[in-house]
Peer 1: 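My structure is below; once you've seen it, I'll send some questions.
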Amino acid sequence: MKNIIRVLIVDDSAYVRKVIRQMLSRSPFIEVVDVAHDGADALDKIERLGDQVDVVTLDLLMPKMDGVEFIKHQMARRPLPVIVVSIANEGGEKFLAALDAGAVDFVHKPTALATEKMFDISDELIAKVKTASTVPIHCITNVNELHSSPPLPRPPISSGKIELVAIGISTGGPQALAFLIPQLPENLPVPVVVVLHMPVGYTNMYAQRLNRLCSLDVKEAQAGDLVRPGEVLIAQAGHHLSFKRNRDQNVVVHLHTKPFDLPHRPSVDVMFQSAAEIYKERVLGVVMTGMGSDGKQGAAWIKSHGGSVFTEAEESCVVYGMPRTVVEAGLSDRSIPLNHMAKAIVDAL
């Protein structure tokens, strides 16, 4: 992390600009160098400030030039880490479009009527600004510019040693999955289940968008869904995902809110642990880009039951946090760059 992180705040509300400045000023490592009232103003400010801007916090719903258009223009000029700070459940398509355009993270801003709650997001925002400042510029990617290879051929013979691919991913995840999942063959002989840290209300929309990119069926997981080969289930934001067997001994999805004390819901650790308990040694866990350590404990469960764990290599991670903790704990069987991950998964089958 840089000694001082210089931030530009972009929001059409003068009140919100003031509050975000106050929140960020709590950290001695962050300096707000300027504010902007819309995307066009932000482009002008960044051009004038030059390399004095390290991170941008960005509202999405603004007049004149909204957040998505700002990201597209700025990424074409000079890629910068952008954190979306916007109202929950408003402009959902814009939220996903912002991630596609290159935003690296997101913080839910309370509704306009709950302005006294703005300070509740202070710690999260500071942590994400610090992390964003460390993101390698080459990893800030416009999804529309990703050139994912066509789907790989189905493994000619499935060994049966793996019956589930379980993926845990966070910061940079929407972009990485949009590259990875379309490369998996349509007739993949195992199911894929993904825990992606994403705000409540957006996982179904994201799953639908990913489904349009893939030959595999992709959907948001619902309670009671069968875990079937050739299908990708995205864990529902706000609920932990685990597995259980029904009366026919088929594996189905179980959604629940406990434990409450974990930093993420859904949790990669919860999903990995349940996968290990149900599938034993026939699990391939994959820990990809993201901040924090979610997935490390779960990877230990998978390994203790005889399963395998892959991690995304540092060179392709937007944030080499979650994979690093697994590698440093000695739990990773292979460290693989994103552009080779699909082939590694198919080869493992």
Peer 1: How long is the span from the OG atom in Ser335 to the OH atom in Tyr320, to the nearest 0.5 Å?
Peer 2: 5.0 Å

Peer 1: With a 4.0 Å cut-off, would you call Asp217 and Arg228 a salt bridge?
Peer 2: no

Peer 1: Indicate yes or no: at least one non-hydrogen side-chain atom of Ser25 is less than 4.5 angstrom from one of Val32.
Peer 2: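 In short, these two side chains do not touch, never coming nearer than 4.5 Å.
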
Peer 1: Between Leu60 and Ala98, what is the shortest heavy-atom contact and its length?
Peer 2: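 It is CD2-CB, 3.8 Å.
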
Peer 1: Quick check against the 3.5 Å criterion: does Gln236 have a side-chain atom that pairs as donor or acceptor with the backbone of Ala221?
Peer 2: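 Yes; at least one donor-acceptor contact below 3.5 Å.
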
Peer 1: Just by distance, do the side chain of Asp41 and the backbone of His37 share a donor-acceptor pair under 3.5 Å?
Peer 2: yes

Peer 1: Could you pull out the closest heavy-atom pair between Ser86 and Asp59, with the gap in Å?
Peer 2: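 Minimum heavy-atom separation between Ser86 and Asp59: OG-OD1, 3.3 Å.
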
Peer 1: Mind checking whether Val319 and Asp105 have side chains closer than 4.5 Å, heavy atoms only?
Peer 2: no

Peer 1: Is there a side chain to side chain contact (heavy atoms under 4.5 Å, CB included) between Val16 and Lys109? Walk through the geometry before answering.
Peer 2: CA-CA 9 Å; Val16 172; Lys109 182 167 65 179; 3.9 Å; yes

Peer 1: Does any non-hydrogen side-chain atom of Pro199 lie less than 4.5 Å from one of Phe95?
Peer 2: yes

Peer 1: Under 4.0 Å between a Lys/Arg side-chain N and an Asp/Glu carboxylate O for Asp51 and Arg78?
Peer 2: no

Peer 1: Do Tyr206 and Leu99 touch side chain to side chain, with heavy atoms closer than 4.5 Å?
Peer 2: no

Peer 1: Search all heavy atoms of Pro185 against all heavy atoms of Pro151 and return the closest pair with its distance.
Peer 2: CA-CB, 4.2 Å

Peer 1: Within the structure provided, determine whether Leu180 and Ile167 are in side-chain contact (heavy-atom separation under 4.5 Å).
Peer 2: yes

Peer 1: Are Gln175 and Val318 close enough that some pair of their side-chain heavy atoms sits under 4.5 Å apart?
Peer 2: no

Peer 1: Show, in sequence, the C-alpha distance, side-chain angles and deciding distance for Val7 and Asp54, and conclude whether the side chain to side chain contact (heavy atoms under 4.5 Å, CB included) test is met.
Peer 2: CA-CA 6 Å; Val7 177; Asp54 300 314; over 6 Å; no

Peer 1: Below 4.0 angstrom, N of the basic side chain to O of the carboxylate: do Glu281 and Lys161 qualify?
Peer 2: no

Peer 1: Quick one, Leu188 with Leu349, criterion side chain to side chain contact (heavy atoms under 4.5 Å, CB included). Give me CA distance, side-chain angles, the key distance, then yes/no.
Peer 2: CA-CA 9 Å; Leu188 195 73; Leu349 303 182; 3.7 Å; yes

Peer 1: Quick check: do His108 and Ile121 have side-chain heavy atoms less than 4.5 Å from each other?
Peer 2: no

Peer 1: With sequence neighbours excluded, give me every salt bridge (Lys or Arg N to Asp or Glu O under 4.0 Å) pair touching residues 303-321.
Peer 2: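 Checked against salt bridge (Lys or Arg N to Asp or Glu O under 4.0 Å) - neighbours excluded - the pairs reaching residues 303-321 are Lys303-Asp333, Glu314-Arg324.
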
Peer 1: Among Val190, Leu152, Val346, Val165, find the one that has a side chain to side chain contact (heavy atoms under 4.5 Å, CB included) with Leu184.
Peer 2: Val346

Peer 1: More than 12 heavy atoms of other residues, nucleotides or ligands under 6.0 Å from CD of Glu186: yes or no?
Peer 2: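 Counting neighbours around CD of Glu186, 12 or fewer heavy atoms of other residues, nucleotides or ligands fall under 6.0 Å, so no.
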
Peer 1: Would you sort out whether Ser332 and Thr311 count as a side-chain hydrogen bond (donor to acceptor under 3.5 Å, both in side chains), showing the intermediate values?
Peer 2: CA-CA 6 Å; Ser332 175; Thr311 48; 2.7 Å; yes

Peer 1: Could you walk me through whether Arg77 and Ile46 pass the side chain to side chain contact (heavy atoms under 4.5 Å, CB included) test, one step at a time?
Peer 2: CA-CA 10 Å; Arg77 292 182 178 185; Ile46 293 172; over 6 Å; no

Peer 1: Which class fits the ring pair His197 and His264: parallel under 30°, tilted 30 to 60°, perpendicular over 60°?
Peer 2: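 Rings of His197 and His264: parallel, as their planes differ by under 30°.
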
Peer 1: When you compare the side chain of Asn246 with that of Leu226, does any pair of heavy atoms fall below 4.5 Å?
Peer 2: yes

Peer 1: Checking one residue: Val326. Which other hydrophobic residues are in its cluster under the side-chain 4.5 Å linking rule?
Peer 2: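 Grouped by the 4.5 Å side-chain rule, Leu164, Val193, Val195, Val227, Leu233, Leu241, Phe243, Val251, Val253, Leu255, Val268, Met271, Phe272, Ile278, Tyr279, Val283, Val287, Ile302, Val309, Met322, Leu331 form the rest of the cluster around Val326.
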
